[in-house]
2 protein chains.
Amino acid sequence: MKSAAKAQQAEDSADTGAQQIRDAIREAIVERRLSPGTKLSESDVGNLFNVSRTLARAALQALSYEGLVSVEKNRGAFVAYPSPEEARQIFSARRLVEPGILREAAAQITPDDIAHLRQLLLEEGRLMSERGQTARRAEIKASGDFHLTLALISGNSIMQRFMEELVARSSLVIALYGQSTASSCGHSEHGDIISAIEANELDRACQLMLHHIAHIEADLDLRERKSLGLKEAFEL
Amino acid sequence: MKSAAKAQQAEDSADTGAQQIRDAIREAIVERRLSPGTKLSESDVGNLFNVSRTLARAALQALSYEGLVSVEKNRGAFVAYPSPEEARQIFSARRLVEPGILREAAAQITPDDIAHLRQLLLEEGRLMSERGQTARRAEIKASGDFHLTLALISGNSIMQRFMEELVARSSLVIALYGQSTASSCGHSEHGDIISAIEANELDRACQLMLHHIAHIEADLDLRERKSLGLKEAFEL
DNA sequence: GTGCAGAAAATCGTATACAATTTTGCCGCC
DNA sequence: GGCGGCAAAATTGTATACGATTTTCTGCAC
């Protein structure tokens, strides 16, 4: 299977066309096929997807609202290059909201949900053992899906959307500053969290979640790089 | 004076033109000059601001990402008409994040910040005693500014942006479902929260914040209205 | 008078065109 | 050879144009 839902959801909001392009580019960014700092010219995007600059522009705009793309006036759009400070804020935000989301999710979780989570976990573990960049990419996504699914279960679509943004941006941060080969989350920690939820030990589950996020962040090297202008020169 | 800041801030991100239009419309929505359900046709918006449909469309798109405007394919954009369920989610999200924001803000608050908050409080109180719709609108904004300022003080720009969205959408919800004449927040509760922060009683401050949000929500009448289609007919 | 078809009007979706700005390359000058 | 400056190229900002879809209006049949 490709990658879960193919973007068949609500066909009744926003621009039809730009949506698909946005999703495609976002997926490419999250899966790290597009590196931070890469220039995304409107013409190129348009040609790539066989649409006019109008739609390409709309897609890039949308991505900039999500923080995945930064557009500079009269200069164009680039895959976001989050600063260390920005990275800290992203994880700070996750520490702030994820325990709350977890509690809400636990409050109305069903056996089906738990089965779903364990299913994700299994998939994640399978991908971890595999070699190759494709598996690595899928693993990144699967790892994020755990956090996203929790938000889904919580039933609050606003928090769900916010978490989608945070997870996507986290992927960018990890791509930039991650050190360990273990590309993303500690896999076992996800399982521990599910178990704690199942055992109805909410406080412990939240603690585990906080540690989990801390572990991800601990794997980052957030030292300030020299000048940003210089840096970009190398990225291009 | 026209309407506070004329939109002169960071001139170096996004589309220049559409930004101003977006801000102007958002302000109109938050201040309740535009009612939920009002149609915002691209042509009308464009004519109103003397720009082409292109920019008008971009502005409406941006607002739809913030949840203030809902665009329906091939039908147009409307000032969002949040459902009771959506309203509940908005306040649920606020209960979830605002205590955390408060803690972060308290962790690095300066005397200047406290002075600033008290200043806001004073302004808010002054507006509350005034009569007239203009004062009422200013009061709505001032009331939101308290929560926004806390997010600002927290130093996390991501949470700040999220809170901006939540406060703006809250204004829509209150406009739709609010009952009491006291249009927005309990003014005194803001003061209590500041005092608790000053006294370094964080737990109490968080409790106060939660109660405060609960009070706002308690003033809403979130009973389901009949059919949504019928409702819209009356809104148009 | 009511109801339904079909045309006209309005509005959105997308592409293209043109203006403005930035970037790049070239040439003369020091 | 290096440094400024001007012109060409590329790219974005905005407007206009055209096709598609929805809505509204009209008129005819019942």
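In the text below, chain A, chain B and the rest are named by the order of the sequence lines, each starting its count at 1.
Judged purely by distance below 3.5 Å, without hydrogens or angles, the side chains of A/Ser154 and A/Gln160 never pair a donor atom with an acceptor atom. A side-chain donor-acceptor contact under 3.5 Å links B/Ser170 and B/Arg94.
A/Glu139 has a carboxylate O that lies under 4.0 Å from a charged side-chain N of A/Arg136, or vice versa, which qualifies the two as a salt bridge. Salt-bridge check for A/Arg126 with A/Glu123: passed, with a basic side-chain N closer than 4.0 Å to an acidic carboxylate O. Between B/Glu165 and B/Arg169 there is a salt bridge, since at least one side-chain N of the basic residue sits less than 4.0 Å from a carboxylate O of the acidic one. B/Arg95 has a carboxylate O that lies under 4.0 Å from a charged side-chain N of B/Glu217, or vice versa, which qualifies the two as a salt bridge.
Residue B/Arg53 contributes atom CZ, which lies 10 Å from atom C1' of D/dT16 at whole-angstrom precision. In this structure, CZ of B/Arg57 is placed 15 Å from C1' of D/dA15, rounded to the nearest angstrom. The interatomic distance linking B/Lys39 (NZ) with C/dT11 (C1') rounds to 6 Å, in whole Å. Taking atom CG of residue A/Leu40 and atom P of nucleotide D/dT11, one finds them 13 Å apart after rounding to whole Å. Following rounding to the nearest Å, B/Ile21 (CD1) and D/dT14 (C1') show an atom-to-atom distance of 11 Å. Atom P of nucleotide D/dT12 and atom CG of A/Asp44 are separated by 8 Å, given to the nearest angstrom. If you measure from atom CG of B/Asn50 to atom C1' of D/dT14, you get 14 Å, rounded to the nearest angstrom. Rounded to a whole Å, the CG atom of B/Leu60 is 14 Å from the C1' atom of C/dG13.
Among C/dC12, D/dT14, C/dT14, the nucleotide with an atom closest to any side-chain atom of A/Ser52 is C/dT14. If you check C/dC12, D/dA15, D/dT22 against the side chain of B/Arg75, the one that comes closest is D/dT22. Side chain of A/Ser43, nearest nucleotide from D/dT12, D/dA15, C/dC12: D/dT12. Minimum atom distance to the side chain of B/Thr54 is reached by D/dT16, of the listed D/dT16, C/dT11, D/dT12. Here the nucleotide nearest the side chain of A/Glu42, chosen from D/dT12, D/dT22, D/dA15, is D/dT12. Closest contact between the side chain of A/Lys73 and the listed nucleotides D/dG13, D/dT16, D/dT23 involves D/dG13.
If one axis is set at each end of the helix from C/dG1-D/dC30 to C/dC30-D/dG1 from five pairs, those axes are 0° apart, to 10°.
Legend: residues meeting side chain to side chain donor-acceptor pair (under 3.5 Å) with B/Arg22, ordered by chain and number and at least two apart, are B/Glu66.
Heavy atoms of A/Ser41 sit under 4.0 angstrom from primed sugar atoms or phosphate atoms, though from no base atom.
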